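Note that the structure is predicted; figures quoted are calculated from it, not measured.
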Amino acid sequence: MALQSSGAISLNDIQTEFGGTNPISMSEYYRGGSFVTDNNTGVPTSGAIDFNDFYGTSKQFSFTISTDTQEANLSTLATAAGWDGIKPVNATISSGVYLWADDTAVGGLTIPSSMNGLVTLTNNGYIIGRGGDSDGNDGGPALVNNATGVTLTNASGAYIAGGGGGGGSPNGGGGAGGGDSLGSYATRYGGAIGQAGQVGNGGGNAYHGGSGGNFRNNSSNDFYNPIGSGGGRILSSVGADGGGLCDPGTFGYGGGAGGVGNNAGSTGCNNGTGGGGGWGAAGGKSGGAGGAAISGTAIATYTNNGTVYGTVA
């Protein structure tokens, strides 16, 4: 627990909180050195140092998230790593690690209010929301923050991306982040982590938002290719995501292209079905809204050197 905020503090008290071995020297306990963590901003990094500098200080608990985790909760992960539930937490998400959601009502990562004033988070990986299903369902958030005083750094090469909105009308595409196309004839599912979604008969690559279903209603009321594509979970700009072509029949409708990156899905020709939205973007043809990159309580200290798709609280 933290050192007291008043009264006498001894070298033994400081050693008990921050670690070290005898003989004890005050010079061991500069901030940023071997023992005193950077959250203790009142402790100097060099020069004069005094016992009073240590009032209310506490050693920060640091840990690394190195495993892909579905619908992660930062408190749960920290506790499993040995956190005592009291000390400030310095968490780092490793490069290439996904914290992801398969439910639009839940973020890929949640920071609960029980961690008010305790969290420093560095993201080197991917925090992603779930894409909205077709028929205009909204995409889900990537990071849900319910805590005050959070410090967040999104590092170079890292992503925080809300799910794409589902394409409008029954055979629209799923949004980026794994939204499914729920066509009348069959379902095309969103992709697994880092993978494209299933491609429907509407054509197009479901790298990001899935394309809308492509169909024809001719004089015989025949229907062709009515199934859209499930949204992909690929965060780079790899691949195009084309919509279905207009059919030459009497009444031809094309499925709209899915959104690539953070672009909205489009509406197919002749006001056809909507493509799913790209990361954090809306689905086509009045489709669902894109999910937020960061929702809930505003981040107190926010540095973004990576890529963020979707709104930030």
Looking at T303, N124, T307, N123, which one forms a side-chain hydrogen bond (donor to acceptor under 3.5 Å, both in side chains) with N154?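 The residue from T303, N124, T307, N123 that satisfies side-chain hydrogen bond (donor to acceptor under 3.5 Å, both in side chains) with N154 turns out to be N123.
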
Do side-chain atoms of [X] reach the backbone of [Y] as a donor and acceptor pair under 3.5 angstrom?
{"X": "N90", "Y": "F61", "value": "no"}
{"X": "H208", "Y": "S236", "value": "yes"}
{"X": "W279", "Y": "G259", "value": "no"}
{"X": "N39", "Y": "S58", "value": "yes"}
{"X": "T120", "Y": "T151", "value": "no"}
{"X": "S181", "Y": "G173", "value": "no"}
{"X": "E71", "Y": "D102", "value": "yes"}
{"X": "E17", "Y": "K59", "value": "yes"}
{"X": "R233", "Y": "G177", "value": "yes"}

Student check: side-chain heavy atoms of [X] and [Y] closer than 4.5 Å:
{"X": "N73", "Y": "L77", "answer": "no"}
{"X": "L3", "Y": "I14", "answer": "yes"}
{"X": "I299", "Y": "N145", "answer": "yes"}
{"X": "T64", "Y": "S94", "answer": "yes"}
{"X": "V312", "Y": "Y302", "answer": "yes"}
{"X": "F51", "Y": "L11", "answer": "yes"}

Supply the atom-to-atom distance [X] [atom1] to [Y] [atom2], rounded to the nearest 0.5 angstrom.
{"X": "R31", "Y": "N40", "atom1": "CZ", "atom2": "CG", "answer": "8.0 Å"}
{"X": "Y30", "Y": "D53", "atom1": "OH", "atom2": "CG", "answer": "10.0 Å"}
{"X": "S156", "Y": "N305", "atom1": "OG", "atom2": "CG", "answer": "6.5 Å"}
{"X": "I111", "Y": "L109", "atom1": "CD1", "atom2": "CG", "answer": "5.5 Å"}
{"X": "D135", "Y": "T273", "atom1": "CG", "atom2": "OG1", "answer": "10.5 Å"}
{"X": "K285", "Y": "T267", "atom1": "NZ", "atom2": "OG1", "answer": "7.0 Å"}

Can you confirm whether more than 12 heavy atoms, excluding those of Y189, are under 6.0 Å from its OH atom?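 Result for OH/Y189: open.
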
Is it the case that atom OH in Y207 sees more than 12 heavy atoms from other parts of the structure closer than 6.0 Å?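 It does not: Y207 OH has 12 such atoms or fewer within range.
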
Please report the C-alpha distance between F63 and V89 in whole Å, then the side-chain angles of each, then the deciding distance to 0.1 Å, and finally whether the side chain to side chain contact (heavy atoms under 4.5 Å, CB included) criterion is met. CA-CA 8 Å; F63 79 108; V89 172; 3.7 Å; yes

Hey, is R188 close enough to D133 for a salt bridge, meaning N to O under 4.0 Å?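 Answer for the salt bridge query: no.
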
If you take all heavy atoms of [X] and [Y], which pair is closest and at what distance?
{"X": "A2", "Y": "G56", "value": "CB-O, 4.0 Å"}
{"X": "V144", "Y": "S295", "value": "CG2-OG, 3.6 Å"}
{"X": "G230", "Y": "A206", "value": "O-CB, 2.8 Å"}
{"X": "A289", "Y": "D138", "value": "N-OD1, 2.8 Å"}
{"X": "T104", "Y": "G131", "value": "CG2-O, 3.8 Å"}
{"X": "I9", "Y": "Q4", "value": "CG1-NE2, 3.6 Å"}

Begin with the C-alpha distance, continue with both residues' side-chain angles, and end with the deciding distance and a verdict on side chain to side chain contact (heavy atoms under 4.5 Å, CB included) for L152 and T301. CA-CA 6 Å; L152 169 64; T301 304; over 6 Å; no

Verify side chain to side chain contact (heavy atoms under 4.5 Å, CB included) between M115 and W83, making sure each step is shown before the conclusion. CA-CA 12 Å; M115 302 185 84; W83 179 49; 3.9 Å; yes

My understanding is that only residues two or more places apart in sequence, or in another chain, count here; which of them pass side chain to side chain donor-acceptor pair (under 3.5 Å) with D68?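 So D68 forms no side chain to side chain donor-acceptor pair (under 3.5 Å) with any residue.
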
Over 60° means perpendicular and under 30° means parallel, so tell me whether F54 and Y29 are parallel, tilted or perpendicular.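 Perpendicular: the ring planes of F54 and Y29 meet at over 60°.
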
Can [Y] be reached from [X] by stepping across I, L, V, M, F, W or Y side chains whose heavy atoms are under 4.5 Å apart?
{"X": "L143", "Y": "V97", "result": "yes"}
{"X": "I234", "Y": "Y98", "result": "no"}
{"X": "I294", "Y": "L118", "result": "yes"}
{"X": "V260", "Y": "Y126", "result": "no"}
{"X": "I65", "Y": "L235", "result": "no"}

Who are the salt bridge (charged side-chain N to carboxylate O under 4.0 Å, His left out) partners of D180, not counting sequence neighbours?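 Applying salt bridge (charged side-chain N to carboxylate O under 4.0 Å, His left out) to D180 gives R130.
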
Donor-acceptor side-chain pairing of [X] and [Y] below 3.5 angstrom:
{"X": "S27", "Y": "S25", "result": "yes"}
{"X": "N22", "Y": "Q15", "result": "yes"}
{"X": "S211", "Y": "S229", "result": "yes"}
{"X": "N12", "Y": "S10", "result": "no"}

Which residues pass the side chain to side chain contact (heavy atoms under 4.5 Å, CB included) test with T148, sequence neighbours left out?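 With neighbours one apart ignored, the set is N116, T297.
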
Step by step, would you call I93 with L121 a side chain to side chain contact (heavy atoms under 4.5 Å, CB included)? CA-CA 8 Å; I93 302 169; L121 174 64; 4.1 Å; yes

